[in-house]
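Per chain, numbering begins at 1; letters A, B, ... match sequence-line order.
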2 protein chains.
Amino acid sequence: MDRRALLAAGGATVAGALATRAAAAPPSPLRLIAVEEAWACPEWMEAMAALPARGLEEDEVRAFQMLAHIGDIHARLLDMQLRQAAMDENAVDMHVLSLTAPAVQSFDNASALRLARLTNDRLARIVADQPRRYAALASVPPQDVPGAIMEIRRARRELGLNGIIINSHTRGEYLDDRKYWPLFEAAAETGAPVYIHPRTPNPTMAPLFRDYNLWGAIYGYGAETGLHVIRLISSGLFDAYPDLKVVIGHMGEGLPYWFYRIDHMHHNMVTLAKPPLRPVLGKMPSEYFRSNISITTSGVNWHQALAFAEEVVGADNIMFAIDYPYERTEPAVAFIRSAPLTPDKLERIAYRNAERIFGIKPAS
Amino acid sequence: MDRRALLAAGGATVAGALATRAAAAPPSPLRLIAVEEAWACPEWMEAMAALPARGLEEDEVRAFQMLAHIGDIHARLLDMQLRQAAMDENAVDMHVLSLTAPAVQSFDNASALRLARLTNDRLARIVADQPRRYAALASVPPQDVPGAIMEIRRARRELGLNGIIINSHTRGEYLDDRKYWPLFEAAAETGAPVYIHPRTPNPTMAPLFRDYNLWGAIYGYGAETGLHVIRLISSGLFDAYPDLKVVIGHMGEGLPYWFYRIDHMHHNMVTLAKPPLRPVLGKMPSEYFRSNISITTSGVNWHQALAFAEEVVGADNIMFAIDYPYERTEPAVAFIRSAPLTPDKLERIAYRNAERIFGIKPAS
């Protein structure tokens with residue numbers, strides 16, 4: 001089948017895609033590494049539950065409280081047996097685990113570093129116990145740059161974790177600010193990819209996303225994280241650290257669909273005005289998605305968007321992710337196993353890129 | 001050629017698309033109606049120039065001042081001979097004109113209504129003089145709801161204009177607020193499509209978009225307008241006014257690429273939580289793009305994005321636009337004439353949908 005026929009078979013509309021999610025995936029030996037899989041431990045849950053529901057973290061605390069009452073999300077974050085059952089039932093080989101958002105970014109500096117160390121130690125133990133089923137990303141506190149740098153080095157050199165994760169803004173600030181660049185320097189120096197994961201929108205814009213509960217995965221997470229990533233690109237970060245690898249979820253947080261307009265306007269603003277209206281960068285903004293930024297499929301089990309992303313960022317820069325336990329495993333697995341791609345491209349997206357980018361040992 | 005071959009010929013990357021923009025379009029009898037074409041008159045320019053650069057309109061005034069120094073944008077907004085030359089040189093049959101953003105939305109109520117009447121009268125004169133070359137949308141002041149309703153009715157019933165245009169927020173407020181719904185009622189009652197056009201981001205979130213000049217067409221306009229449209233959908237506006245037609249530019253202001261996630265999360269938030277975490281709507285959010293919302297190609301001369309949009313919103317809901325004079329006519333025309341679509345779909349996007357939606361008389 002050609003791509004169009006494959007897409008049609010999968011349902012060309014969102015309604016079709018949602019309807020076909022329940023279809024059983026055919027048996028397949030395709031290795032599956034899912035790279036944005038949330039986890040938590042009781043100590044972190046208790047610390048989050050003790051945060052006051054006011055001030056900068058107001059929206060995050062409200063989000064945490066809301067999730068406690070939806071389905072069994074909190075139980076599934078904590079329970080490794082439920083997790084492994086979901087993996088086994090759907091033939092998912094590996095989860096790349098990370099402490100769920102906002103990880104340690106909502107806490108005072110001392111608590112944040114203590115919780116980062118505790119959770120990173122716990123994750124390292126899980127990986128050591130089952131190295132063929134789990135890899136993990138370390139959480140670090142951007143609000144404490146020296147502490148975060150120490151923890152990046154410890155996580156890589158002592159714990160052997162596979163990268164780090166930072167959940168968008170910290171106290172309303174973004175990582176394009178030069179005071180945070182030493183974090184990226186430490187990541188580049190230790191070869192750690194940095195997963196920029198969503199969290200509730202920056203307090204400055206949060207009021208606009210509270211109505212209709214637009215703050216979360218429905219729209220606000222993408223608005224928050226897409227803005228963060230275009231700020232990183234605009235700052236010249238990837239020119240300063242050409243080996244730095246950043247990973248973003250949710251099929252690129254909306255950015256691939258904007259590539260033409262971002263590149264075109266960036267080019268115009270640099271070349272048509274004197275002085276330039278934009279920072280002069282080493283590449284066109286979209287080109288950093290070939291050299292420094294990879295995207296994952298988390299939460300977007302949609303063949304149309306995958307096909308578009310594959311065309312514009314390339315099969316080497318996309319990784320499979322489920323977003324467990326916020327998303328169900330079965331439809332994500334059915335989506336990737338039935339994706340209208342050549343077997344070679346499918347293997348890259350399903351596991352080979354994850355092996356390369358996160359330093360995961362091949363199955364052999 | 002199949003779609004993939006056509007896309008490859010057009011350059012599968014943004015760099016390729018930008019490089020091929022200069023290629024001459026083959027001679028073609030395809031009628032072209034461009035539906036988001038900016039215009040201004042000296043009285044409006046003078047009123048904008050007199051606005052103070054502080055307070056709620058701070059970013060808009062800065063944007064206006066910046067554009068005055070880029071190329072010949074201001075001259076091209078004003079000069080109908082320059083405009084007609086650009087149309088003739090590129091065989092563009094018609095511009096649907098509108099007063100450039102933020103139209104009358106930055107002014108006090110009395111000035112806003114006076115300028116709306118003046119500019120709408122001026123546009124009606126242009127259309128009356130050259131009805132085969134120009135159609136026009138009326139500007140109205142949302143900050144003065146009774147005045148705006150009077151002007152919608154006058155523009156439709158006395159001036160015969162083809163719809164109305166509103167430039168996203170007004171004094172930081174969005175049109176999903178029920179106090180603005182009488183505007184949509186007047187639009188629906190008079191059969192006027194409402195073009196929701198971008199402007200500088202809401203003052204509440206503007207600080208996050210000032211760095212790197214992200215506030216404009218490069219990213220901020222889309223962030224602002226996409227949020228506005230998802231707020232309109234979420235409010236139940238289209239359930240209340242099922243015949244209401246809304247038009248949005250820039251290949252859908254980013255929303256089509258999010259359809260899966262918006263629909264999926266909306267569905268979960270309505271069905272999994274009691275009480276529901278989202279308003280219960282008559283349709284899935286993306287389905288309003290089939291029934292009530294059309295998109296235009298303004299500023300996105302990119303075959304990949306057009307092909308994706310055509311798959312997910314349908315060829316009946318896309319219209320060609322150039323965004324003159326902010327965008328050059330030649331690459332927009334080369335883009336649409338070489339689009340990898342069937343002749344029937346191409347005709348719908350190039351002019352037939354515009355004739356239907358804006359009530360424009362067919363060519364003969």
Student: NE2 of His264(A) to CZ of Arg328(B): how many Å apart, nearest 0.5 Å?
Tutor: 8.5 Å
Student: Atom CE in Met205(A), atom CD in Glu224(B): separation rounded to 0.5 Å?
Tutor: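 It is 12.0 Å, given to the nearest 0.5 Å.
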Student: Tell me whether the rings of Trp258(A) and Tyr219(B) are parallel (<30°), tilted (30 to 60°) or perpendicular (>60°).
Tutor: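 Because their plane-to-plane angle is over 60°, the rings of Trp258(A) and Tyr219(B) count as perpendicular.
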Student: Select one option (side chain, backbone, both, neither) describing which atoms of Glu173(B) are under 4.5 Å from chain A's heavy atoms.
Tutor: neither
Student: Can you say whether Pro201(A) sits under 4.5 Å from chain B via the side chain, the backbone, both, or neither, judging by heavy atoms?
Tutor: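 Interface part for Pro201(A): neither.
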Student: Taking Gly222(B), Gly252(B), Ser235(B), Pro285(B) one by one, which has the highest count of heavy-atom pairs under 4.5 Å against chain A?
Tutor: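 If we count pairs closer than 4.5 Å to chain A, Ser235(B) comes out on top.
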Student: Chain A heavy atoms under 4.5 Å from Asn202(B): which part of the residue, side chain, backbone, both or neither?
Tutor: side chain
Student: Restricting to non-hydrogen atoms, name the atom on Val300(B) and the atom on Tyr260(A) that form the minimum distance, rounded to 0.1 Å.
Tutor: CA-CD2, 3.8 Å
Student: Of the backbone (N, CA, C, O) and the side chain (C-beta and beyond), which part of Tyr221(B) lies under 4.5 Å from a heavy atom of chain A, both, or neither?
Tutor: side chain
Student: Decide yes or no on side chain to side chain contact (heavy atoms under 4.5 Å, CB included) for Tyr174(B) and Asp211(A), but give the supporting numbers first.
Tutor: CA-CA 11 Å; Tyr174(B) 293 115; Asp211(A) 300 324; over 6 Å; no
Student: Please assess Met251(A) against Arg261(B) for the test side chain to side chain contact (heavy atoms under 4.5 Å, CB included), listing each intermediate value before the final yes or no.
Tutor: CA-CA 10 Å; Met251(A) 214 61 95; Arg261(B) 198 154 160 83; over 6 Å; no
Student: What is the ring orientation for Tyr257(B) with Tyr257(A), classed by angle as parallel under 30°, tilted 30 to 60°, or perpendicular over 60°?
Tutor: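 Tyr257(B) vs Tyr257(A) ring planes: parallel.
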Student: Using only non-hydrogen atoms and a strict under-4.5 angstrom cutoff, which residues of residues 270-282 of chain A touch chain B?
Tutor: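 Contacts with chain B: Leu277(A), Arg278(A), Pro279(A).
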Student: Please verify the inter-ring angle class for Trp302(A) with Phe308(B); under 30° counts as parallel, over 60° as perpendicular, anything in between as tilted.
Tutor: perpendicular
Student: For Arg171(A), I'd like to know if atom CZ has over 12 heavy atoms of other residues, nucleotides or ligands within 6.0 Å.
Tutor: yes
Student: Let's test your reading of the structure: which of Gly226(B), Gly314(B), Gly216(B) forms the most heavy-atom pairs below 4.5 Å with chain A?
Tutor: Gly226(B)
Student: Quick check on the interface: out of Thr204(B), Asn213(B), Leu208(B), Leu255(B), who has the most heavy-atom pairs with chain A under 4.5 Å?
Tutor: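 Greatest number of close heavy-atom pairs with chain A: Leu208(B).
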Student: Strictly distance-based, threshold 3.5 Å: is any side-chain N or O of Arg231(A) a donor or acceptor partner for the main-chain N or O of Leu214(B)?
Tutor: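 Looks like no, no N/O pair under 3.5 Å.
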Student: Looking at Ala217(A), Gly220(A), Ala305(A), Ala223(A), which has the largest count of heavy-atom pairs under 4.5 Å with chain B?
Tutor: Ala217(A)
